[in-house]
Protein chains: 2
Amino acid sequence: MTANLLETCMKELRLRGFRLTPQRMVVLRVLHEAHGHLTPIEICERAQEMLPGLTEPTVYRTLNFLHEQRLALAAHVGSGQLVYETGERDHHHLVCRKCGATHEIPHDLLEALFSQFQHKTGYQIDGMHVTFFGLCPGCQDHQ
Amino acid sequence: MTANLLETCMKELRLRGFRLTPQRMVVLRVLHEAHGHLTPIEICERAQEMLPGLTEPTVYRTLNFLHEQRLALAAHVGSGQLVYETGERDHHHLVCRKCGATHEIPHDLLEALFSQFQHKTGYQIDGMHVTFFGLCPGCQDHQ
DNA sequence: AATACTATTGCAAGTAGTTACAATAGTATT
DNA sequence: AATACTATTGTAACTACTTGCAATAGTATT
């Protein structure tokens, strides 16, 4: 959202030894200026307005990179499509598999489960928020 | 697995008013004969051996269809790829976002959470098993 | 400021998945 | 068994995403 957060991200990348390219800055800016989820293609369009000449493969690579670096959240919505956003609010999603309606789930509802996983399997959950698929109240009635 | 289950699926489709085409039967058979997940492309290859002339779009459409009809499970594994399997064993996945290792989670660990969702939001969770991304014990050490 | 090192990009070509639409073939009915 | 109805398929073209590789441009060093 704020310019501050953006700069923090970029400094963080520098600290980790990565280069600060205009391409990365512009993709980060798009993510920070957006409210909610964006598809790679939406991100690409907005970023190309800010930086003409920016190419599609670079945007996809940058999104992967930011996700690996934990500077962007990725989520599955619908069938196999990934969307991205900044990791400011911790939340997850309920998606209706019929009409596509989504419902946010606060992170703390899952906290207990995650520590249970960690305890039983050693896996440390992170990186991608979780999406649960089901039927919303409306679609349960009609089928 | 067994021919019985396969026939039950097909009868079920008939009951719901859908047509029983060779294409659908062969995709169902591939899913039932497989152990664990298959990607659409793996399914396509196996199904085309059994039914030469079967085309890619039909396989994708059939997988979507079977998933909608709750006769196949779909899961996200890795970044944005969907895999399918039959819904015989109820389980979910922990996937390591570094090395891709997967770990099965029995369904009953999530049961309490799901009924909590249902209670709070009205959403009825189903249709797709859930995938949690994180770091496996080994990859936590190396970064 | 110039040079060297190499991470990162753009390009071009490839793979994966989807869609529109006309042809085909299941199913119900006669 | 033949006919009609229309769900489902195949074809072709398209969109989404990825990969290999040579060119570019950040950064560190001099």
Side-chain angles (χ1 to χ4, degrees), chain A residues 7 9-30 37-48 50-69 71-72 74-84 100 128, chain B residues 7 9-30 37-48 50-69 71-72 74-84 100 128:
Chain A
E7 277 176 29
C9 285
M10 304 207 274
K11 275 180 195 155
E12 188 55 37
L13 284 182
R14 283 268 56 224
L15 278 177
R16 298 183 197 169
F18 299 105
R19 294 187 184 171
L20 228 49
T21 65
Q23 291 86 346
R24 280 175 182 169
M25 291 193 256
V26 99
V27 169
L28 267 173
R29 224 180 104 203
V30 168
H37 293 146
L38 293 179
T39 64
I41 289 175
E42 289 167 333
I43 294 166
C44 199
E45 284 167 357
R46 298 188 191 191
Q48 281 173 336
M50 297 174 178
L51 185 70
L54 175 63
T55 63
E56 214 185 30
T58 296
V59 172
Y60 280 99
R61 276 184 294 223
T62 303
L63 290 171
N64 268 327
F65 168 78
L66 293 174
H67 179 236
E68 272 170 25
Q69 293 302 314
L71 296 172
H76 294 292
V77 180
S79 288
Q81 193 182 29
L82 273 179
V83 295
Y84 293 87
M128 169 142 4
Chain B
E7 274 175 31
C9 285
M10 304 206 276
K11 273 180 195 156
E12 187 56 36
L13 284 183
R14 284 267 57 225
L15 278 177
R16 298 182 198 170
F18 299 105
R19 294 186 182 171
L20 228 46
T21 65
Q23 291 86 344
R24 281 177 180 168
M25 292 194 254
V26 99
V27 169
L28 266 174
R29 223 180 105 202
V30 167
H37 294 146
L38 292 179
T39 64
I41 289 175
E42 289 167 333
I43 295 166
C44 201
E45 284 166 358
R46 298 187 190 189
Q48 282 172 337
M50 297 175 179
L51 185 69
L54 175 64
T55 64
E56 213 186 30
T58 296
V59 172
Y60 280 99
R61 276 183 295 223
T62 302
L63 289 171
N64 269 328
F65 169 78
L66 292 174
H67 179 235
E68 273 171 26
Q69 292 303 315
L71 297 174
H76 294 291
V77 180
S79 288
Q81 194 183 28
L82 273 179
V83 294
Y84 293 87
M128 171 147 357

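Here the structure is a predicted model, which is why all the values come from computation and not from measurement. Letters A, B, ... are given to chains in the order of the sequence lines, protein chains preceding strands, and every chain is numbered from 1.
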> Counting side-chain heavy atoms from CB outward, which of dC17(D), dT9(C), dT9(D) is closest to Gln23(B)?
Replying inline: dT9(D)
>> From C-beta outward on Phe18(A), which listed nucleotide comes closest to its side chain: dA28(C), dC5(D), dT8(C)?
In response: dT8(C)
> CG of Asn64(B) versus P of dA16(C): gap in Å, rounded?
Replying inline: 17 Å
>> Working to the nearest 0.5 angstrom, can you tell me the gap between Arg24(A) CZ and Arg61(A) CZ?
In response: 10.5 Å
>> Closest approach to the side chain of Pro57(B), judged atom by atom: which nucleotide of dT8(C), dT18(C), dA7(D) is it?
In response: dT18(C)
>> Of the options dC17(D), dG26(D), dC11(C), whose atoms approach the side-chain atoms of Ile41(A) most closely?
In response: dC17(D)
> Counting side-chain heavy atoms from CB outward, which of dT27(D), dG17(C), dG26(C) is closest to Arg14(A)?
Replying inline: dT27(D)
> Hey, does the side chain of Tyr60(A) come within less than 4.0 Å of dC17(D)'s phosphate (OP1/OP2), counting only N and O?
Replying inline: yes
> Is Glu42(A) salt-bridged to Arg46(A), cutoff N-O under 4.0 Å?
Replying inline: no
> With a non-hydrogen cut-off below 4.0 angstrom, is Arg24(A) in contact with a base, only sugar-phosphate, or nothing?
Replying inline: sugar-phosphate
>> From C-beta outward on Arg61(A), which listed nucleotide comes closest to its side chain: dT8(C), dG20(D), dT6(D)?
In response: dG20(D)
> Do the side chains of Gln81(A) and His76(A) get nearer than 4.5 Å, heavy atoms only?
Replying inline: no
>> With heavy-atom distances below 4.5 Å as the criterion, would you say the side chains of Ile43(B) and Tyr60(B) are in contact?
In response: no
>> Return whichever of Glu56(A) or Leu54(B) has its heavy-atom-nearest nucleotide of DNA chain D closer to the 5' end.
In response: Leu54(B)
> Given that Thr21(B) and Thr58(A) both sit by DNA chain C, which one's nearest nucleotide is further toward the 5' end?
Replying inline: Thr58(A)
